[in-house]
Amino acid sequence: MTIPLRAGVARADITPPIGIGHAGWGAQTHQRAAGIDLPLWVTALAIGDADTTVVIVDIDCMYLFEQEADAVRKAIVRLTSLPEANVRISFTHTHSGPVSGSTWSAWMSEGAELVAAYDHSIGDAAAGAAWAAIRAMEPVRIGSGSGSSSISVNRRYQRPEDDVVVVGRNPAGLVDREVQVIRVDTLDGQPLATIVDFACHPITVGPDNDLITPDYPGAMKRVVEQATGSTCLFLQGAAHIAELDQLRTTGTGEEIRQQTMLAKRAGMRAGLARKLAGCETWPVEIHGISLGEDIALVAMAAEPFATIGMAIKAQSPFARTLVSGYTGVGWAYLPTADAYPLGGYEIEVTPFAPEAANLAAAACVDVLGALAAGREQ
Amino acid sequence: VSTTLLAGVARADITPPIGISHANWGAQTHERAAGIDLPLTVTALALGGGETTSLIVDVDVCWLWEPLASECQAAIVELTGLPAESIRISYSHTHSAPAGGRSQSWVSGGTEMLDGYHENLRRCAAGAAWRALNSMQPARIAATEGTSSISVNRRYQRPGDNVVVVGRNRDGILDPAVNVLRIDTLDGNPLAAIVHFGCHPITVGPDNDQITPDYPGVVRNVVGEATGATTLFLQGAAGDVGPVRGVASDGANQYKRLGTILGLEAARLWWEADPVVTEEQYLGTLESGAPLAMYADTPRPDTPAAIRVVRTKVEVPVREAAGADALAAELERHTAELARLRAEGGSDEDIKLVTMKAKRASMRANLNRRIEGKSTLPVEIFATIIGNDIALLAISVEMFAGTGLAIKTGSPFAHTLVSGYTGPNDGYLPTAEAYPLGGYEIEVTPFAAGAADVAADAAIALLHSLRNQGGAS
């Protein structure tokens with residue numbers, strides 16, 4: 001399929017300083033990152049037609065929360081002069097990057113002092129990459145494809161001793177194995193950019209690890225780039241119940257681990273309480289982009305369960321729809337209604353009522369419908 | 001359980017000299033190879049288990065003929081001391097390798113290099129085999145299967161006169177399966193891989209005057225780089241199967257693309273297949289930000305696999321012979337005409353036309369010499385069995401996809417890799433239903449319409465007998 005689009009791509013390194021607070025895990029005993037296993041990147045893809053330019057920014061980090069995410073987006077808007085709605089920032093959700101913002105570093109006594117400067121540097125790096133991507137735009141052709149991968153498993157496991165749902169391997173649970181790929185070539189057939197969309201928590205590297213790494217999305221980008229010559233972006237799908245089927249969780253240091261865990265959960269609940277005080281509903285940002293007749297990308301500022309992504313895909317008017325969480329400004333788990341009676345971690349910490357998932361899914365489908373209507377004008 | 005065996009692998013470069021005769025296409029105008037696009041290789045894999053050692057050799061030639069097949073085997077036997085029954089020599093069937101011996105009498109330029117090249121080739125094959133045997137070490141093996149979209153049935157009925165030509169028949173029978181065998185050292189390092197797929201390596205067509213292994217060479221390189229394993233390519237049942245792109249145009253670009261597509265799929269399968277089979281046990285919960293289930297993924301015990309090798313012959317029916325004298329005279333006439341055109345600077349169009357006529361006359365004459373006065377011809381069957389689940393079965397012909405599928409379906413093994421292109425090439429073995437439609441493969445086959453079923457039945461019976469022998473464990 002050939003459509004008259006232009007695109008450009010650029011990347012910046014956002015590997016943090018060794019020694020930064022490193023805390024994707026309640027069960028960890030270390031506080032500071034002891035080294036770099038694989039660098040972190042911010043990768044920007046600018047894409048546009050005669051009227052509209054959007055930039056998709058893929059950031060190797062666990063999550064940017066309200067304040068930091070907003071600052072990054074504003075930095076991009078400032079440098080590129082794009083409207084805010086045309087900037088999509090997405091997080092890979094690696095659990096082996098630095099902590100982000102004051103909320104998440106509150107329980108740490110070491111390494112948190114490096115976080116504010118690092119968070120600020122992400123904004124500058126993302127803005128620079130977005131700006132360079134826009135400047136590099138040239139006419140392109142776009143294609144898309146779909147396959148599947150076996151690396152993920154539903155992670156809501158009812159443990160045998162008391163039927164409590166913990167993060168484990170539930171091979172009988174629903175999971176979306178689809179791998180979607182968007183390929184962007186220059187008009188003379190040279191590789192320019194690739195978007196890979198897949199839903200699976202990047203928690204392969206577990207709490208015992210004290211090294212900085214983008215987890216499997218970083219390895220994936222490097223493999224794709226070596227094999228194709230294009231610059232690769234990873235967009236995390238609706239991954240909240242999918243995780244890699246190899247989780248490393250053995251080790252020692254139980255006491256410190258227990259305290260860290262309690263502190264982290266208390267931090268999460270406190271954040272939740274502040275957010276919810278006096279509210280009956282909570283806004284969730286939804287971001288939609290359509291490329292030509294066939295391709296749409298829709299994303300929300302939440303961690304949606306896999307079946308939400310599948311439901312949106314099934315109802316989309318586009319032939320190819322990439323559904324993501326981990327995007328924009330805002331954070332919360334978004335479990336499906338059927339998960340509430342079973343309980344478990346995600347249910348404990350979500351601010352949402354059981355009907356929230358269906359409302360968010362319907363809103364995403366509405367966004368896709370509006371994009372499709374625009375397509376026909 | 002995890003399956004263990006002894007394995008060793010080695011490779012030698014068999015890239016020929018530039019200027020060697022390069023002639024596997026009737027429609028070509030050049031005679032000598034003008035350069036090297038990608039090196040040619042010979043790769044040997046030695047497998048040991050129980051009392052038996054087996055050797056599988058993957059060599060980049062278009063085909064093996066006599067006496068080259070026997071000479072390669074003799075060189076390996078001489079250097080390694082292995083019995084001939086334990087040696088399987090398979091060829092990738094690239095059509096962009098040097099010409100296949102002096103039987104291709106319509107070519108003259110570059111044939112002076114062929115004897116020296118083939119002498120070197122068989123010594124390289126023997127050296128690689130010797131090194132593979134000497135480097136055998138304990139290893140684990142896993143087998144897996146996926147699919148690839150790079151091939152299409154090639155028997156295309158062209159519009160107008162319904163003649164079957166080599167093209168794209170999207171409704172034709174096809175086996176898209178990619179089989180991968182992964183062999184790791186006991187400490188988990190990559191050692192060797194076998195990639196098995198059925199598709200004629202004719203992506204690079206008659207306009208190409210460069211030496212290349214076609215897509216199988218790209219597959220070996222892509223898998224080797226992505227996994228670290230030295231990779232063999234085994235050609236499947238590809239008699240009626242061709243690449244989806246290339247052949248008559250843009251082949252030099254398309255073979256790299258198709259080889260990369262197949263190679264990346266094989267590499268993915270390699271990474272997915274873990275030779276260490278583990279048993280999962282839930283240990284308890286680690287309280288973290290979220291409660292994390294802890295598991296022990298304990299390796300199951302290693303179980304040594306027996307290797308079994310059978311090499312046998314089956315007689316299959318041949319078609320009726322034509323008049324030998326008339327065929328020989330026709331070949332002589334076209335060859336003389338071609339020599340005259342080249343000497344007098346004839347047009348490319350005329351040279352293409354007469355080269356095509358000479359090539360086809362040569363194939364018909366060779367065919368006729370083999371079947372005159374006979375009702376059957378022997379074809380060779382090679383079977384290599386690894387443990388209880390993996391069978392590699394090869395026949396010394398160019399099998400059609402339907403025959404490969406029939407053998408795979410009839411096999412009692414969980415993984416059966418069915419190949420042609422092994423040992424001396426005895427010709428196309430078309431399925432019975434292909435005969436009424438005619439076309440190139442039917443014109444040049446020595447076999448009668450029932451031959452493919454006879455060969456398939458013999459192969460299936462052999463696999464069942466081997467399964468029963470191994471069934472005790």
- Query: Do side-chain atoms of B:Tyr295 reach the backbone of A:Arg169 as a donor and acceptor pair under 3.5 angstrom?
  - Reply: yes
- Query: In terms of heavy-atom pairs under 4.5 Å with chain B, which of A:Ser149, A:Pro160, A:Gly344 leads?
  - Reply: A:Pro160
- So, for A:Ala27 and B:Ser288, which heavy atoms are closest and what is the spacing to 0.1 Å? N-OG, 2.8 Å
- Tell me, yes or no, whether the heavy-atom count around A:Gln226 atom CD, taken from other residues, nucleotides or ligands under 6.0 Å, exceeds 12. no
- Message: Ignoring hydrogens, what is the shortest heavy-atom contact between B:Ala293 and A:Tyr157? Give both atom names and the distance.
- Response: CB-CD2, 4.0 Å
- Report the residue from A:Val166, A:Val164, A:Asp162 that forms a side-chain contact (heavy atoms from CB on, under 4.5 Å) with B:Thr285. A:Val166
- Just wondering, are more than 12 heavy atoms of other shown residues or ligands nearer than 6.0 Å to CZ in A:Arg183? no
- Message: Any heavy-atom pair between the side chains of A:Pro207 and B:Leu286 that's under 4.5 Å?
- Response: yes
